[in-house]
Amino acid sequence: MSKKHGKHLPGQSQDGGVTDAPDRHQAARARVPSTAVWAGAADAIAGAVPAALGGHRPAPIRVAPGIVAVEPGMRIDLTAVDADADGGLDKVWAKDALGRERERISALQERLYAERARSLLLVFQAIDTGGKDGTIRSVLKGVNPQGCTVSSFKVPSSDELDHDFLWRYHAKTPGRGMIGVFNRSHYEDVLVVRVKELVPDPVWQGRYRLINDFERLLTESGTVVIKFFLHISRDEQKKRLEARIADPEKHWKFDPADLVERKAWDAYQQAFADALSQCSTPRAPWLVVPANHKWFRNYVIARTIADTLEAMDPRFPKAAKGIADLKVPN
Ligand code: AMP
Ligand code: MG
């Protein structure tokens with residue numbers, strides 16, 4: 001990965017605000033030049049509509065080492081991002097560390113929910129077999145279901161197609177206090193829709209701007225948006241498709257159409273690169289996660305979510321005056 005994707009912006013500490021980094025991770029970070037962090041996000045939103053944020057300072061997204069953040073205005077070259085990267089981390093250590101990140105997410109979610117002022121939207125995009133379902137299952141294990149909504153977007157219904165393309169996604173964005181998860185997202189409308197030529201070119205081309213406007217609306221309304229692109233290699237997809245064919249318990253996941261889609265690998269990579277480049281903004285940057293190693297993918301994503309929630313600093317609401325002195329009647 002070239003240096004240009006690993007820039008630190010002013011106001012952000014060189015360690016990216018990373019917390020509780022063990023020595024091993026520190027060492028790994030030194031060998032991963034691709035990490036980028038945006039404090040710029042906070043500055044970009046600050047002062048925009050503070051009233052809508054309920055007096056909360058917009059929080060920067062804290063990107064875990066090993067993830068490549070797409071710098072706004074730059075073109076991402078996905079072939080230059082090693083899908084096999086593991087940051088030099090030890091697998092056993094990372095699995096343990098994932099447990100600790102889950103606990104952090106769980107504790108911070110309780111505060112976010114109680115505060116009921118802001119929300120967090122996690123967007124997951126990937127090629128078929130890229131690991132969206134597995135990531136959501138693993139990373140959000142400790143989350144209170146009552147404070148979380150997961151939306152999986154499939155082929156649109158005729159009712160959905162009768163509306164503007166963002167309609168069905170906007171309806172599923174998280175309300176105050178909630179974590180929302182998008183398994184596939186509004187990006188499908190510049191990905192599969194483009195590759196399969198479901199609309200004329202000028203239509204999907206115009207959607208990048210509309211997507212940026214949509215995400216601007218969300219971030220200026222108190223929603224922190226983290227977008228993860230799970231990056232696997234072509235060989236890894238072959239292995240995963242073969243595993244689905246070989247294991248009867250994985251047959252339900254196997255769609256023969258995936259083999260047809262695989263033939264369009266290059267077209268999808270092109271569409272992903274364009275979408276990530278056009279729609280990585282300081283408010284809502286795109287994060288490319290090396291995802292051939294599931295344990296690495298899960299750990300860095302969990303850590304990014306925990307660190308970002310921590311930066312949001314959700315607080316329990318102030319208790320009513322004199323509550324500690326109240327007596328519960330018999
Ligand atoms: P899966 O996620 O494997 O259950 O598959 C969902 C399918 O829905 C995938 O083949 C997607 O490409 C397709 N899909 C999702 N969103 C759209 C969309 N906006 N337009 C067309 N197809 C879509
Ligand atoms: Mg599928």
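Counting convention: from 1, in listed order, for ligands and their atoms alike. Counting from 1, the numbers follow the sequence of the chain as shown.
Distances shorter than 4.0 angstrom do not occur between any heavy atom of His186 and any atom of ligand 1. Taking a 4.0 Å cut-off on heavy atoms, Tyr169 registers as neighbouring ligand 1.
Remark: Arg168 fails to qualify as a cation-pi partner of Phe153 under the 6.0 Å distance and 45° angle criteria applied to the six-membered ring.
Looking at Tyr187 against ligand 1, nothing comes within 4.0 Å, counting heavy atoms. With a heavy-atom cut-off of 4.0 Å, Pro156 touches ligand 1 through its side chain alone.
The shortest distance between side-chain heavy atoms of Tyr268 and Asp266 does not fall below 4.5 Å.
Of the listed options Glu188, Lys154, Arg184, Arg184 places a heavy atom closest to atom 3 (O) of ligand 1.
In this structure, Trp286 has its ring center under 6.0 Å from that of Tyr187.
Screening Asp189, Asp133, Asp128 for a salt bridge (charged side-chain N to carboxylate O under 4.0 Å, His left out) with Arg184, the sole residue that qualifies is Asp128.
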Item to check | Worked check of ring-ring contact (aromatic ring centres under 6.0 Å, His included) between His186 and Phe214 | outcome: CA-CA 10 Å; His186 42 298; Phe214 173 55; 5.2 Å; yes
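The distance criterion of under 3.5 Å between nitrogen or oxygen atoms is met by Val155 with respect to ligand 1. Polar contact check, Asp128 against ligand 1: no nitrogen or oxygen pair lies under 3.5 Å apart.
Atoms CG and OG1, on Leu218 and Thr173 in that order, are 5.5 Å from each other to the nearest 0.5 Å.
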